[in-house]
J.: 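One structure, pasted below without further comment.
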Amino acid sequence: MKLRDISKILYREILFKSVTETTVRKKPEDLVKSVNSYMWLNKTAVAMVLSVIPLFIALNPTTFACSVFLANLLFMFVFFFLQIVTSFVSNSFDYLHVLPLSQRDISKIRMLTFLRIFDLPLFAVILVSPLVFGFFVSPFSAFWALLGVITAELLAVAIVFRLARFFYSKIAYSTGGWKTLLRMFYMIAWSVSAFGFYILVIFMMEIPNMNVDLKGWDFVFPVCLGCLMRGSFSYIALISSLTYLTIAVVLFNKTLSIINEKVVVTMAKTKSIPIKPTHPILGILKKDLRLMSRSPAHAMLMLFPIISGIVYANVKLVLTLSMVLFAMVLVVFVAYGVEREYTRILPIDFWTLTAGKTLLSVLIYVISVTCTLIVLTLRGVSISPIGFAQIPSVVAMSVFVALIADKFGVKSDIYSGMSSLILILIPCLILAYTPLGVGLIANMLLNADATVISFIVGITELFTILVMVKIFR
């Protein structure tokens, strides 16, 4: 068997580990069949978007636009591949040593496996960017576009490997104090990057039209390369660009050297695990927060309402609240699915579980509304407390999903639990939007206080759902 074939097998194993960290399926064989196509689909989407962006930049190449492109390329490579690289770092490849392979062969297999993670997006951008800049700008710009992309990608690969290595060895499975806070920051950064990618896709046509003066910054990466990509030559930009390229090559080679190092397996020292009894409801809340700090995808879903409120705060408050409430449906669904995976065999009663999940949902919603109001205030947009009046409807949603989970069960992820999500989606959206809609209609027709009306309707919904629970359980 060739080394390349062995690396392909190991790559699939890493994919499986990466996906199963955020996906729990009833039939693991289904996941085994789809995991390879799942990753190729993701890599193809990233490659297509990152390959289309240079086209918009080349049509109106400004220093700012070229710099944003390179900075985004670096940023997205780092955080999009962070989870799978962490899976690579956590794999010691011990079983390779029992095969008739030399240490050099094992090193090559590790290196090939690592490079497979980035292959399609990495080579797609390297191929497309020079062609686009050469066609629309000049051969000079094409040359520096090639060097700029190579510099950004080499730096990204080096950075993401070191972040993954640091996270796995120092943070992921450590507890207490600053490490918990650092782990939460790490997950928030990963989640924000995913939404940053979404925002970039929305606004990529506007980037070339943004007029930002970067004069005097041509010694900083990626501005130096952005100047040369635009066609503006300066010795400072030239020297700085070559310096950053050299640094990127050195760091990349150092990364490959670390990957090729012989792995020495040691037994970890055991230590006592402190047990701190707490109230069951608070225990469920703490468990969810800790799970968020260790699972990037779970953290992204839980932070979805908060980031949606911030992203969509450029429109009216009502539309922003609508997006936040829609995101809350997904939060409640995933929260109960994850809880069910952990607590189905534990003696936790229905109302304790519901109270813990509801507390988490309300906490996330209040933070989302607060962040939205802060952004709107900074933008000078008039605000109102109507967002907080929707808290009873969020509680009603949580109790309703708890009832569905208790009766029919829900999956712990959206992909494999699509049928469960469809079952609760329409009722939850009705619960979420009815108080807001009734309050606004009452305000327009009767000049009534929309906040008060929304709160009253939400309380009515909650009472109705509680009666349903009493009847059907």
J.: Quick one: does Phe388's side chain get under 4.5 Å of Leu373's, heavy atoms only?
T.: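 Heavy-atom side-chain distance check passes, below 4.5 Å.
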J.: For the atom pair CD1 (Ile367) and OG1 (Thr372), what is the distance rounded to the nearest 0.5 Å?
T.: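 Rounded to the nearest 0.5 Å, the CD1-OG1 separation comes out at 11.5 Å.
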J.: Answer yes or no: is there a side-chain heavy-atom contact under 4.5 Å between Leu225 and Cys66?
T.: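 A side-chain contact under 4.5 Å is absent here.
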J.: Take Phe161 and Val157, measure what side-chain contact (heavy atoms from CB on, under 4.5 Å) needs, and give me the verdict at the end.
T.: CA-CA 6 Å; Phe161 178 79; Val157 172; 5.6 Å; no
J.: When you compare the side chain of Trp351 with that of Val469, does any pair of heavy atoms fall below 4.5 Å?
T.: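 Of all side-chain heavy-atom pairs linking Trp351 with Val469, at least one is under 4.5 Å.
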J.: Do Cys428 and Val401 come within less than 4.5 Å of each other through their side chains, counting heavy atoms only?
T.: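 They are in side-chain contact.
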J.: Any non-hydrogen side-chain atom of Glu153 less than 4.5 Å from a side-chain atom of Leu74?
T.: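 No; the side chains remain at least 4.5 Å from each other.
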J.: Is the shortest heavy-atom distance from the side chain of Leu325 to the side chain of Val394 under 4.5 Å?
T.: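 Sidechains of Val394 and Leu325: in contact.
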J.: How long is the gap from CD1 on Ile456 to CD on Glu461, to the nearest 0.5 Å?
T.: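 Between atom CD1 of Ile456 and atom CD of Glu461 there are 13.0 Å.
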J.: If you take all heavy atoms of Ser67 and Gly226, which pair is closest and at what distance?
T.: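 Looking at all heavy atoms of both residues, the shortest contact is OG-CA, 3.9 Å.
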J.: Do side-chain atoms of Ser393 reach the backbone of Gln390 as a donor and acceptor pair under 3.5 angstrom?
T.: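 The answer is yes, because a donor-acceptor pair under 3.5 Å joins these two groups.
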J.: Do you know the tightest heavy-atom contact between Leu321 and Gly387?
T.: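 Minimum heavy-atom contact is CD1-CA, 3.7 Å.
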J.: Using the rule given for side-chain contact (heavy atoms from CB on, under 4.5 Å), can you reason through Ser361 versus Met328, listing the C-alpha separation, both sets of side-chain angles and the distance that settles it, and then say yes or no?
T.: CA-CA 7 Å; Ser361 302; Met328 285 304 304; 4.0 Å; yes
J.: Considering non-hydrogen atoms only, spot the tightest contact between Ile364 and Ile306 and give its length.
T.: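 Shortest heavy-atom contact: O-CG1, 4.0 Å.
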J.: Would you give the length of the straight line joining atom CE of Met468 to atom CZ of Phe463, rounded to the nearest 0.5 angstrom?
T.: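 Between Met468 CE and Phe463 CZ, I get 13.0 Å after rounding to 0.5 Å.
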J.: Within this structure, what is the CD1-CG distance for the pair Ile426 and Leu431, rounded to the nearest 0.5 Å?
T.: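 These two atoms lie 11.5 Å from each other.
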J.: What heavy-atom pair brings Ala396 and Ile465 nearest, and what distance separates the two atoms?
T.: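 Ala396 and Ile465 have their closest heavy atoms at O-CG2, 3.9 Å.
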J.: List for me each residue that meets side chain to side chain contact (heavy atoms under 4.5 Å, CB included) alongside Val457, sequence neighbours excluded, and say none if there are none.
T.: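 In terms of side chain to side chain contact (heavy atoms under 4.5 Å, CB included), with neighbours along the sequence ignored, Val457 is linked to Thr434, Pro435, Val438, Ile453.
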J.: Should Val125 and Ile53 be marked as a side-chain contact (heavy atoms from CB on, under 4.5 Å) after you check the CA-CA gap, both sets of side-chain angles, and the distance that decides it?
T.: CA-CA 10 Å; Val125 182; Ile53 293 175; over 6 Å; no
J.: Only counting residues at least two apart or in another chain, list the ones meeting side chain to side chain contact (heavy atoms under 4.5 Å, CB included) with Phe455.
T.: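 Partners of Phe455 under the side chain to side chain contact (heavy atoms under 4.5 Å, CB included) test: Ala389, Pro392, Ile459.
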J.: Once side-chain hydrogen bond (donor to acceptor under 3.5 Å, both in side chains) is applied, do any residues pair with Thr358, and if so which ones, sequence neighbours excluded?
T.: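 Expected list: Ser398.
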J.: Residues two or more places apart in sequence or in another chain: which of them pass side chain to side chain contact (heavy atoms under 4.5 Å, CB included) with Leu127?
T.: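 Testing Leu127 for side chain to side chain contact (heavy atoms under 4.5 Å, CB included), a comparison that skips the adjacent residues, returns Leu131.
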J.: Could you go through Leu403 and Val399, starting from their C-alpha distance and side-chain angles, then the distance that decides it, and tell me whether this counts as side-chain contact (heavy atoms from CB on, under 4.5 Å)?
T.: CA-CA 6 Å; Leu403 177 62; Val399 177; 5.8 Å; no
J.: Looking at residues at least two apart in the chain, or sitting in another chain, which of them share a side-chain hydrogen bond (donor to acceptor under 3.5 Å, both in side chains) with Thr464?
T.: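 Not a single residue meets the side-chain hydrogen bond (donor to acceptor under 3.5 Å, both in side chains) criterion with Thr464.
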J.: Could you check if a side-chain atom of Val362 sits within less than 4.5 angstrom of a side-chain atom of Val366, using non-hydrogen atoms only?
T.: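 In short, these two side chains touch, coming nearer than 4.5 Å.
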J.: Quick check for you: to the nearest 0.5 Å, what is the distance between Ser454 atom OG and Leu436 atom CG?
T.: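 Taking OG in Ser454 and CG in Leu436, the distance rounds to 5.5 Å.
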J.: Could you pull out all residues at least two apart from Tyr244 that satisfy ring pair (Phe, Tyr, Trp, His ring centres under 6.0 Å)?
T.: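 Per chain and number, Tyr244 pairs via ring pair (Phe, Tyr, Trp, His ring centres under 6.0 Å) with Phe221.
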J.: Donor-acceptor pair, distance only, cut-off 3.5 Å: does the side chain of Asn443 make one with the backbone of Asp449?
T.: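 Checking the backbone N and O of Asp449 against the side chain of Asn443, no donor-acceptor pair under 3.5 Å is found.
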J.: Residues in side chain to side chain contact (heavy atoms under 4.5 Å, CB included) with Val220, at least two apart?
T.: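 Expected list: Trp217.
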J.: Could you measure the distance from the CG atom of Leu429 to the OG atom of Ser322? Nearest 0.5 Å is fine.
T.: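 Between Leu429 CG and Ser322 OG, I get 10.5 Å after rounding to 0.5 Å.
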J.: Once side-chain hydrogen bond (donor to acceptor under 3.5 Å, both in side chains) is applied, do any residues pair with Ser51, and if so which ones, sequence neighbours excluded?
T.: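 Ser51: no side-chain hydrogen bond (donor to acceptor under 3.5 Å, both in side chains) contacts found.
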J.: Quick check: are there more than 12 heavy atoms from other residues, nucleotides or ligands sitting under 6.0 Å from CZ of Phe326?
T.: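 Check fails, neighbour count at 12 or below.
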J.: Quick one: closest heavy-atom pair of Leu70 and Ala152, and the distance?
T.: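 So the minimum-distance heavy-atom pair works out to O-CB, 3.9 Å.
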J.: Side chains of Lys357 and Val332: closer than 4.5 Å at any heavy-atom pair?
T.: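 They are not in side-chain contact.
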